[in-house]
Amino acid sequence: MLKTLNQTVGALVTVVALAACAFILSCSSEAQTNPCPGGTESYTEYRLFFGRGNADNRQVVSDQQWDEFLEDTITVEFPDGLTILDAYGQYTDAAGNLIKEDTKVLIILVPPNADSAPGIDRIIEGYKSRFAQQGVLREINPTCASF
């Protein structure tokens with residue numbers, strides 16, 4: 001009888017332990033799929049940094065040219081909303097020269113399941129070819145937001 005009782009208790013302990021593991025894993029899985037606090041939603045944040053100068057420290061993209069690019073390229077790709085900040089940046093080029101330039105920072109939030117990469121790529125390539133720029137700095141980060 002004692003042997004049967006020990007087997008029953010052992011089986012019960014195993015079932016409780018497995019149930020606890022399943023619960024912990026389900027909580028962990030939910031935290032990974034929705035890490036945002038209540039009242040917010042998951043988004044992918046793109047930040048693009050558009051230098052407006054050239055290697056001679058001259059501005060080559062005027063305010064009017066930027067506004068036209070915003071209207072006919074960026075807004076076409078992301079009509080639902082975006083933020084643009086004026087900034088100032090500097091970097092050292094391959095020859096060791098300090099390059100300083102005015103910069104536009106574009107911030108776009110998109111749902112994480114949206115396929116936004118092609119639109120972002122078209123904006124970057126459009127800017128580079130239109131204004132003979134060597135590159136656009138791109139940051140991609142998961143974030144939480146509410147509107």
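- Applying the ring-ring contact (aromatic ring centres under 6.0 Å, His included) rule to Y88 yields no partners; only residues at least two apart in sequence or on another chain are considered.
- In this structure V60 satisfies the side chain to side chain contact (heavy atoms under 4.5 Å, CB included) test together with N54, R58, Q133, sequence neighbours excluded.
- Annotation: side chain of E139 is not in contact with side chain of Y46 (no heavy-atom distance under 4.5 Å).
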Check: What's the verdict on side-chain contact (heavy atoms from CB on, under 4.5 Å) for T73 and R130, showing C-alpha distance, side-chain angles and the deciding distance?
Finding: CA-CA 11 Å; T73 304; R130 187 171 185 166; 3.7 Å; yes
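- Among residues two or more places apart in sequence or in another chain, the side chain to side chain contact (heavy atoms under 4.5 Å, CB included) test is passed with P79 by none.
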Side-chain donor-acceptor contacts of residues 119-127 below 3.5 Å, not counting sequence neighbours, with atom names and distances?
residue: D121; atom: OD1; partner: R138; partner atom: NH1; Å: 2.8
residue: D121; atom: OD1; partner: R138; partner atom: NH2; Å: 3.1
residue: R122; atom: NE; partner: E77; partner atom: OE1; Å: 3.4
residue: R122; atom: NE; partner: E77; partner atom: OE2; Å: 2.7
residue: R122; atom: NH2; partner: E77; partner atom: OE1; Å: 3.0
residue: E125; atom: OE2; partner: K128; partner atom: NZ; Å: 3.4
residue: Y127; atom: OH; partner: G51; partner atom: O; Å: 2.7

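- The salt bridge (charged side-chain N to carboxylate O under 4.0 Å, His left out) search around D63 returns R52, not counting sequence neighbours.
- With sequence neighbours excluded, no residue satisfies ring-ring contact (aromatic ring centres under 6.0 Å, His included) with F78.
- Contact detail for S116 and V110: the closest heavy-atom pair is OG-CG2, 3.2 Å.
- The distance from the CG atom of L48 to the CD1 atom of I140 is 8.5 Å, given to the nearest 0.5 Å.
- Legend: residues meeting side-chain hydrogen bond (donor to acceptor under 3.5 Å, both in side chains) with T143, ordered by chain and number and at least two apart, are absent.
- Residues satisfying the side chain to side chain contact (heavy atoms under 4.5 Å, CB included) criterion with I84, sequence neighbours excluded, are W66, L70, L82, K104, L106.
- When every heavy atom of S146 is checked against every heavy atom of G39, the shortest pair comes out as CB-O, 3.1 Å.
- In this structure I107 satisfies the side chain to side chain contact (heavy atoms under 4.5 Å, CB included) test together with E45, R47, T83, L85, V105, sequence neighbours excluded.
- Of all non-hydrogen atoms in T103 and G89, the two that sit nearest each other are OG1-N, 3.7 Å.
- Rounded to the nearest 0.5 angstrom, Y43 OH and C144 SG are separated by 10.5 Å.
- By the side-chain hydrogen bond (donor to acceptor under 3.5 Å, both in side chains) test, E68 is found to be paired with Q64, residues two or more places apart in sequence or in another chain being considered.
- Between L109 and F147, some side-chain heavy-atom pair lies under the 4.5 Å cut-off.
- For the side-chain hydrogen bond (donor to acceptor under 3.5 Å, both in side chains) test, no residue two or more places apart in sequence or in another chain qualifies with Q90.
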Let's go through F50 and F69 carefully: what are the C-alpha distance in whole Å and the side-chain angles of both, what is the deciding distance for side-chain contact (heavy atoms from CB on, under 4.5 Å) to 0.1 Å, and is it a yes or a no? CA-CA 11 Å; F50 298 90; F69 181 72; 4.3 Å; yes
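- The disulfide (SG to SG under 2.5 Å) pairs that include a residue from residues 91-143 number zero, where partners must be two or more places apart or lie in different chains.
- The OG atom of S42 sits 10.0 Å away from atom CG of N113, with the distance rounded to the nearest 0.5 Å.
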